[in-house]
Amino acid sequence: MTSFRTSPGMRDLLGDEAARRRAFDTAFIEVVGAAGYEQIVPPILEDIGVFSRIGEATDVVSKEMYDFVDRGGRHVALRPEQTASVCRAFVEHRPALPYKAWYSGPNFRYEKPQRGRQRQFDQVGIEVLGPEDPHVDVEVIAIGWDFLASLGLTDVELVLNSLGDPEDRRRFTEAVGDHLRAHLAKLSEQSRETLERNPLRVLDSKRSEDAPIIAAAPRIEDFWSTEAAEHFSEVRSGLDRIGVPWRADGGLVRGLDYYRRTTFEFRSGALDSAQNALGGGGRYDGLVEDLGGPATPGIGFAIGVERTLIACDSESAFPGPAGGVEVFVVDTTGGSEALALSTELRRGGRTVDRGFGGRSMKAQMKAADRSGAQLALIIGDDELASGTVTARFLRGDRPQEQWARTEANRLVAEALADHRPPEMTES
RNA sequence: GUGGGCGUAGCUCAGGUGGUUAGAGCGUCAGGUUGUGGCCCUGAAGGCCGGGGGUUCAAGUCCCCUCGCUCACCCCA
């Protein structure tokens, strides 16, 4: 018999992991909902042209896309990120401005899998389309920051930069290219290749031989237009005003081509791997226009869910909800009473599980204990004959009681009111 | 895509220099308790030792290939 496993770079989420993933969304929704963002659920598949705008020179577009021709002859792709989809949806439906949206869902990139870098990975993120106001930048960044903090993460650094306006960025790129080519001989092999495709990315190089050349490279701030410099300055003072700490780094050049002006990244100090960027984003004032819409400024961020959860693990933060059920019904008389009672209790709003398969009382009690239930309701021959149930309290020292079967619903409610667990984070 | 490390039970891992029926803990199941979980005790089930090929009388162990995970590069979330 052949068996199967998940495709490389893709994972199953079971039980506690799935519950934690769900709680992650809940935590995110709480933060973005409080700021007036509405949800958008774009399709996972789009015309490949939607994603080309991310940047022909980036690996994400040029060699990592899951793309194919569908049965109707359309060239489509699994989304590698969601910003482009949100902009496409904006152009298609034209919601009122400012359009503030959040999303959560899977993206696909055909990379060599690694911890914190999967081929199918989830991102949560927000986008704001419309205002060019630097306060929007501040709001977006602060929401990302506050969300990570709400998970209990403390070892996070916000790195900030401005790429200037498109013309600034173009001149800067050129200057960096010239500078690097002047020192070509001393540049690492890798960086020489990168230089061909995307000179700015060389500034990200971590190789030691590149360090002196990068240190001597032109600096972005010398290329900012007055407007871009002013915008960035207001972003920084806005962050200061609300107590979000940041570090400016002229070398922060994010991969996607569409960024201009403000760019930022959230880095975890708890992850010393190369995958320490939990999320990031920036302004993409030209993207909507590129997708056939009216010139509309935009800014947003995306946070990698798996990666952030790994950071939570190493900081022992965000353990996720405790699962389980309130009541467990044990029935050694064949199960028909368990069927009736558990259904009745569920219809009354309780969470309840039960034993199946006519297993021994001991086995069913064990299952009751594992279920996390506060209360086991036992039905054996005696109870059946006398029209009662035995209530056994699993988490305290309250002695077990005999209840009239007809009173079970009410008495369960009473018992659980006394034994409320301290905090049930389950949504 | 390139290079390194690692793949033994559901999980975490032992298995000097090749040697006969591959082990432990946890978990699961059953029993100790004529109807009672958690602690304890006993027992059982559960492994094509990632897959394929080779060397050898003999391979979990050595060699080659391959797949997967992982680390670095790359890329990025």
Side-chain angles (χ1 to χ4, degrees), chain A residues 1-11 14-15 54-55 57-64 80-83 106-125 144 148 188-191 193-194 197-198 201-202 204-207 210 252-256 264-268 271-281 300-311 328 330-333 355 357 359-384 390-397 399-400:
Chain A
M1 201 54 173
T2 51
S3 62
F4 298 95
R5 19 181 335 165
T6 53
S7 260
M10 304 191 178
R11 311 199 330 114
L14 276 64
I54 294 166
T58 65
D59 284 5
V60 170
V61 169
S62 63
K63 43 188 191 197
E64 295 175 359
E81 54 116 47
Q82 285 175 257
T83 300
N107 304 305
F108 301 83
R109 262 120 95 153
Y110 193 89
E111 300 181 274
K112 185 161 174 180
Q114 219 172 96
R115 186 174 155 85
R117 190 178 74 180
Q118 291 152 245
R119 288 182 177 170
Q120 176 177 336
F121 62 101
D122 287 326
Q123 284 185 330
V124 296
L148 293 173
S188 68
E189 174 95 36
Q190 245 338 309
S191 290
E193 281 173 35
T194 310
R197 292 175 293 126
N198 197 341
R201 300 234 31 106
V202 178
D204 257 358
S205 164
K206 290 165 201 140
R207 267 169 296 277
D210 294 336
L252 174 66
V253 179
R254 296 186 45 75
L256 279 20
F264 57 95
E265 200 165 281
F266 301 107
R267 289 186 194 153
S268 169
L271 267 39
D272 53 5
S273 68
Q275 270 77 244
N276 70 345
L278 301 182
F301 70 71
I303 285 174
V305 175
E306 292 82 1
R307 218 174 255 195
T308 301
L309 253 12
I310 292 170
F328 194 98
V330 171
D331 179 354
T332 56
T333 69
R359 299 219 287 154
S360 73
M361 168 151 309
K362 179 172 177 157
Q364 291 191 55
M365 283 303 295
K366 236 176 144 160
D369 186 50
R370 265 199 306 265
S371 76
Q374 299 291 312
L375 181 61
L377 295 181
I378 302 168
I379 298 157
D381 293 329
D382 298 347
E383 286 82 358
L384 201 56
T390 296
R392 180 162 179 85
F393 302 92
L394 265 14
R395 314 292 160 199
D397 42 18
Q400 70 183 40

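Just so it is clear, the values below take in all heavy atoms, side chains as well, and ignore hydrogens, waters and symmetry mates. Within every chain, numbering begins at 1; the chains are lettered A, B, ... in the order of the sequence lines, protein sequences first and strands thereafter.
An OP1 or OP2 oxygen of B/C71 is reached within less than 4.0 angstrom by no side-chain nitrogen or oxygen of A/Arg117.
The side chain of A/Pro8 lies closest to B/G68, out of B/G68, B/U70, B/G38. Proximity note for A/Met361 (side chain, C-beta onward) versus B/C29, B/U36, B/U70: the nearest is B/U36.
Across the protein-nucleic acid pair, A/Glu64 atom CD and B/C76 atom P stand 7 Å apart, rounded to whole Å. Atom CD1 in A/Ile378 sits roughly 13 Å away from atom P in B/G35 (whole-Å rounding). Between A/Glu111 atom CD and B/C73 atom C1' the separation is 13 Å, expressed in whole Å. Between the CZ atom of A/Arg119 and the C1' atom of B/C67 there is a distance of 12 Å, rounded to whole Å. In this structure, A/Leu394 places its CG atom 10 Å from P of B/G38, rounding to the nearest Å. Spacing between atom CD of A/Gln364 and atom P of B/U36 amounts to 12 Å, rounded to whole angstrom units. If you take NZ of A/Lys366 and C1' of B/G35, they are 17 Å apart, rounded to a whole angstrom. What separates CD of A/Gln120 from P of B/C76 is a distance of 20 Å, to the nearest Å.
Residue side chain A/Gln400 reaches the base of B/U36 through a donor-acceptor N/O pair under 3.5 Å, judged by distance alone. Judged by distance alone, with hydrogens and angles left aside, A/Lys112 brings no side-chain donor or acceptor close enough to the base of B/G68 to form a pair under 3.5 Å. For A/Arg392 and B/G37, a side-chain-to-base donor-acceptor distance below 3.5 Å is present, hydrogens and geometry of angles not being considered. For B/C76, its base sits under 3.5 Å from the side chain of A/Arg307 at one donor and acceptor pair at least. One cannot find a donor-acceptor pair under 3.5 Å joining the base of B/A77 and the side-chain atoms of A/Gln82.
Between B/A45 and B/G53, the distance separating the two C1' atoms is 33 Å to the nearest Å. Between B/A30 and B/G38, the distance separating the two P atoms is 12 Å to the nearest Å. For the P atoms, the distance from B/C75 to B/C63 is 35 Å, rounded to whole Å. B/G27 and B/U12 have their P atoms separated by 15 Å, given to the nearest Å. Rounded to whole Å, the separation between the P atoms of B/A22 and B/G16 comes to 15 Å. For the P atoms, the distance linking B/G15 with B/A72 amounts to 26 Å, nearest Å. Rounded to whole Å, the separation between the C1' atoms of B/G3 and B/A77 comes to 24 Å. Distance noted for atom P between B/G19 and B/U42: 31 Å (whole Å).
Side-chain N/O atoms of A/Gln364 and A/Thr332 include no donor and acceptor closer than 3.5 Å.
Residues A/Thr390 and A/Asp382 form no side-chain contact, since every pair of their non-hydrogen atoms from C-beta on lies 4.5 Å or further apart.
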For a side chain to side chain contact (heavy atoms under 4.5 Å, CB included) check, start with the C-alpha distance between A/Leu375 and A/Phe328, then their side-chain angles and the critical distance, and finish with the verdict. CA-CA 6 Å; A/Leu375 181 61; A/Phe328 194 98; over 6 Å; no
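Searching all strands for a Watson-Crick or G-U wobble partner of B/A59 with both distances below 3.5 Å returns nothing. The partner of B/C29 is B/G43, by the rule that a Watson-Crick or G-U pair needs both atom distances under 3.5 Å.
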